[in-house]
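Okay, so here's the structure we're looking at.
Letters A, B, ... mirror the listed sequences (proteins, then strands); counts begin at 1.
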Amino acid sequence: MKQKIYINELANHVGQEITLKGWLYNKRASGKVKFLILRDGYGYLQCVVFKGNVSDEVFEAADKLTQESSFEVTGKIKEEPRAIGGFEMDVTDLQIIQISQEYPITPKEHGIEFLIDHRHLWLRSKRQVAILKIRHRVVQAIREFFDKRGFTLFDPPIITPNACEGTSTLFALDYFDLGKAYLTQSGQLYGEAGALALGKIYTFGPTFRAEKSKTRRHLTEFWMVEPEMAFFDLDDDMDLAEELIEYIVQTVLAERKVELEILERDTTLLEQVKRPFPRISYDEAVKLLIEKGVDFKWGDDIGGADETTISGHYGKPVMVHRYPAEIKAFYMKRDPNNPKLALAVDVLAPEGYGEIIGGSQREDDLDELLKRIKEHNLPEEFFNWYLDLRRYGSVPHSGFGMGLERTVSWISGLEHLREAIPFPRMIYRNTP
RNA sequence: UCCGCGAUAGCUCAAUGGUAGAGCAUGCGGCUGUUAACCGCAGGGUUGUAGGUUCGAGUCCUACUCGCGGAGCCA
């Protein structure tokens, strides 16, 4: 394959004449000199076209280029502190690939509705490119983290016959002669089967919620990583969650500095994301909320505003554990010291980003689990295979789910989750 | 499902109930160092839809549609 050069490699090509391909990000002209800002997905480069230095054809071609036109440009690279990226090309040749039609996203401000309508083009903007690169690094960090610790990637089905937790509203579809099937809202139950086969596993894929959630913290389709570990209790689970978050944040800080700068992210709080994180029980969280003047009763679920109050108090991710069992899922193990409590943990991100992890130790006793399934009026026949995990060599085990977009959103300092995924799916939008 | 806000040029927004405007984008012209370049000219409108009040409605009223934000639910 012929070697291609990208803008992020220009430091190796100073003084050389090279050819780059890309799109016109912006253009400025001053009579006989034109400044073309080329973007190629790897960076931005100011290409200078002087009338005296190029043929009339090349000068005219530079004149014709409209925003987002694709072209190939040749010239000598020099260091130039005045230009974006610190390099500049003195153009000698230019080939138009396609002249773009009038580009909808102009270099001025746009409303969110317009930008979302043009998401396929909005992705080209500097800000969106930075976010997508951070997202990729987060995904990479997650995989590295689990792979290095001997976890096996375990892919659960997307189509499931039943509601996993029996609470959320799911997307239904017709499944041939078998009737209704649903898009998964969590791979966890299957992950448990994987943990009992492989020891430590993680699932990583899309999940779906048909809840009519209309907030900046919700998508109907989002990505979640869900580790599940045999012989892990709740404390082990929290240790792992803590290490994972620290690893992701510190990796992105170290390796996506440029992107965080583009997003104008204040990283002072991110730099403090180091173990140990505060661990408080639900009881302590209730006390804290009441001290802060929040009208809160024991047994209430901790809402979005309460999460912000709690995490704001510490300035670090906070682990809240041992919730009232009534407000948590059926599969969570009860606290042996207080059966009203579930051995659950939520990790709350700082700066108002809320719950990024929800996890628990799982109920490993067959009779207890059967009782819960009946209490929740869940269809027992669908859970037979899941109960088998308690019939054949049941062991204490734990796991958690971490929302990818919420994590990316927090690290990137985004206003809205919809910027953290290429094509967001929301209650009133499934296009483009 | 509930509560709040909004819809005017391709985009972002203005316009005491009295002739619908600006910036950007587009087109043409000018400028040899621009940084969301600048300067001049031009084209561009069924003011979300349907009713109502009024001499007169972008503006006031009613309904609807769509969108945004929040609650609940959760990652």
Side-chain angles (χ1 to χ4, degrees), chain A residues 25-37 44 46-54 59 63-64 66-68 80-85 88 90 100-118 121-122 125-126 164-165 167-170 184-188 203-226 241 300-307 327-329 344 346-349 353-359 400-410 415-418 420-421 426-429:
Chain A
Y25 190 73
N26 200 0
K27 178 170 75 170
R28 291 178 287 271
S30 172
K32 290 174 178 129
V33 59
K34 296 192 186 300
F35 300 93
L36 311 175
I37 310 299
Y44 301 84
Q46 176 159 286
C47 304
V48 189
V49 187
F50 278 105
K51 192 165 174 79
N53 296 4
V54 296
F59 194 77
D63 198 42
K64 272 190 211 145
T66 53
Q67 190 188 353
E68 285 303 313
E80 174 54 75
R82 282 178 294 180
I84 183 173
E88 189 175 85
D90 195 8
S100 171
Q101 295 180 21
E102 191 174 331
Y103 193 65
I105 304 178
T106 62
K108 276 275 180 178
E109 287 167 21
H110 297 279
I112 192 63
E113 187 186 350
F114 179 80
L115 289 170
I116 281 277
D117 280 341
H118 295 84
L121 302 176
W122 187 25
S125 76
K126 199 179 285 185
C164 161
E165 304 181 9
T167 49
S168 293
T169 317
L170 304 190
T184 184
Q185 60 150 330
S186 164
Q188 183 209 312
T203 72
F204 200 170
T207 47
F208 307 87
R209 305 275 165 96
E211 299 287 348
K212 293 198 169 179
S213 302
K214 244 179 93 60
T215 84
R216 67 180 77 192
R217 298 189 312 282
H218 290 89
L219 297 170
T220 55
E221 176 183 322
F222 64 96
W223 283 63
M224 188 154 69
V225 57
E226 296 179 282
D300 289 349
D301 205 354
I302 296 176
D306 308 325
E307 289 175 356
I327 56 172
K328 287 293 181 183
D346 283 355
V347 181
L348 310 179
Y353 284 93
E355 186 183 343
I356 54 170
I357 282 182
F400 61 82
M402 185 178 81
L404 177 63
E405 288 77 14
R406 284 194 182 173
T407 305
V408 171
S409 191
W410 163 47
E415 284 288 308
H416 200 298
L417 221 48
R418 66 190 149 203
I421 186 167
M426 291 168 295
I427 164 169
Y428 292 126
R429 173 178 296 277

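- Residues A:Ile84 and A:Gly303 both approach RNA chain B. Their nearest nucleotides, taken by heavy-atom distance, put A:Ile84 toward the 5′ side.
- With B:rG33, B:rG70, B:rA75 as the candidates, the nucleotide lying closest to the side chain of A:Thr215 is B:rG70.
- A:Tyr25 places no side-chain N or O within 3.5 Å of a backbone atom of A:Gln46 that could act as its donor or acceptor partner.
- Pairing of B:rA42, defined by two Watson-Crick or G-U wobble distances under 3.5 Å, is identified with B:rU26.
- In this structure, A:Arg209 places its CZ atom 6 Å from C1' of B:rC74, rounding to the nearest Å.
- Residue A:Arg418 places at least one side-chain N or O closer than 4.0 Å to OP1 or OP2 of B:rG69.
- The base of B:rC74 sits with one of its N or O atoms less than 3.5 Å from a complementary donor or acceptor on the side chain of A:Arg406.
- Under a 4.0 Å N-O distance rule, the pair A:Arg406/A:Glu355 does not qualify as a salt bridge.
- In this structure, the aromatic ring of A:Phe222 is positioned over the six-membered ring of the base of B:rA75, centres within 5.5 Å and planes within 30°.
- The separation between A:Asp306 atom CG and B:rG72 atom P is 8 Å, rounded to whole Å.
- The NE2 atom of A:His218 sits 14 Å away from the C1' atom of B:rG69 (whole-angstrom rounding).
- Protein atom NZ of A:Lys34 is 10 Å distant from nucleotide atom P of B:rC31, rounded to whole Å.
- Of the candidate nucleotides B:rA75, B:rG27, B:rG70, B:rG70 has the atom nearest to the side chain of A:Arg216.
- Using a cutoff of 4.0 Å between basic side-chain nitrogens and carboxylate oxygens, A:Lys328 and A:Asp301 are not scored as salt-bridged.
- A gap of 13 Å separates the C1' atoms of B:rU8 and B:rA22, to the nearest Å.
- In this structure, A:Glu226 atom CD and B:rC74 atom C1' are separated by 13 Å, rounded to whole Å.
- Pairing for B:rU53 is absent, with no Watson-Crick or G-U wobble pair whose two atom distances lie under 3.5 Å.
- Within the nucleic acid shown, A:His416 comes within 4.0 Å of sugar-phosphate atoms alone, with no base atom in reach, counting heavy atoms only.
- Considering only side-chain atoms of A:Ser30, the nucleotide from B:rU34, B:rC73, B:rU32 that sits closest is B:rU32.
- Using a distance-only test at 3.5 Å, with no hydrogens or angles considered, a donor-acceptor pair links the side chain of A:Ser186 to the main chain of A:Gln188.
- Here, B:rC24 and B:rA42 have their C1' atoms 16 Å apart, quoted to the whole Å.
- Residue contacts for A:Met402: at a heavy-atom cut-off of 4.0 Å it reaches no nucleic acid atom on any strand shown.
- Here the P atom of nucleotide B:rU32 and the CG atom of A:Asp63 are 14 Å apart, to the nearest Å.
- Taking atom P on both nucleotides, B:rG48 is separated from B:rC11 by 13 Å, rounded to a whole Å.
- If you check every strand for non-hydrogen atoms under 4.0 Å, A:Gln46 touches a base.
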Inset, instruction - I would like to know whether A:Met224 and A:Gln185 meet side-chain contact (heavy atoms from CB on, under 4.5 Å); could you show each step before the answer? - result: CA-CA 10 Å; A:Met224 188 154 69; A:Gln185 60 150 330; over 6 Å; no
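- A gap of 35 Å separates the C1' atoms of B:rU53 and B:rG10, to the nearest Å.
- Remark: P of B:rG70 and CE of A:Met426 are 12 Å apart, rounded to the nearest angstrom.
- A gap of 22 Å separates the C1' atoms of B:rG27 and B:rU34, to the nearest Å.
- Within the shown strands, nothing qualifies as a pairing partner of B:rC31 under the Watson-Crick or G-U definition with both distances less than 3.5 Å.
- Cation-pi contact between A:Lys27 and A:Phe35: absent, since separation from the ring centre below 6.0 Å together with deviation from the ring axis within 45° is not met.
- Between the P atoms of B:rG56 and B:rU19, the separation comes to 15 Å (whole Å).
- Residue A:Thr66 has its side chain nearest to B:rG27 when only B:rG27, B:rA75, B:rG69 are considered.
- Residue A:Leu219 is in base contact, counting any heavy-atom pair closer than 4.0 Å across all strands shown.
- Rounded to the nearest Å, the gap between the C1' atom of B:rC2 and that of B:rG18 is 41 Å.
- Comment: A:Arg82 engages A:Glu80 in a salt bridge, judged by a side-chain N to carboxylate O separation of less than 4.0 angstrom.
- Among the atoms of the strands shown, base atoms are found under 4.0 Å from some heavy atom of A:Ala29.
- Pairing for B:rA20 is absent, with no Watson-Crick or G-U wobble pair whose two atom distances lie under 3.5 Å.
- Separation of atoms CD (A:Glu307) and CD1 (A:Ile356) is listed at 10.5 Å; rounding is to 0.5 Å.
- The distance between atom CD1 of A:Ile421 and atom C1' of B:rA75, rounded to the nearest whole Å, is 12 Å.
- Using a 4.0 Å heavy-atom criterion, one finds that A:Glu88 contacts the bases of the nucleic acid, with or without backbone contacts as well.
- B:rG6 and B:rC66 make up a base pair, with Watson-Crick or G-U wobble contacts both under 3.5 Å.
- Both A:Tyr103 and A:Asn26 lie near RNA chain B, and the one whose nearest nucleotide falls closer to the 5' end is A:Tyr103.
- For the P atoms, the distance linking B:rA9 with B:rG44 amounts to 15 Å, nearest Å.
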Pairs: protein N or O with nucleotides 5-15 of chain B N or O, under 3.5 Å:
residue: B:rC11; atom: O2'; partner: A:Glu109; partner atom: O; Å: 3.4
residue: B:rC11; atom: O2'; partner: A:His110; partner atom: ND1; Å: 2.4
residue: B:rU12; atom: OP1; partner: A:Gly111; partner atom: N; Å: 3.1
residue: B:rU12; atom: O4'; partner: A:Glu109; partner atom: O; Å: 3.2

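- Side chains of A:Gln67 and A:Ser100: a donor-acceptor N/O pair is absent below 3.5 angstrom, by distance only.
- A:Glu88 places no side-chain N or O within donor-acceptor distance of the main-chain N or O of A:Ala83, the cut-off being under 3.5 Å.
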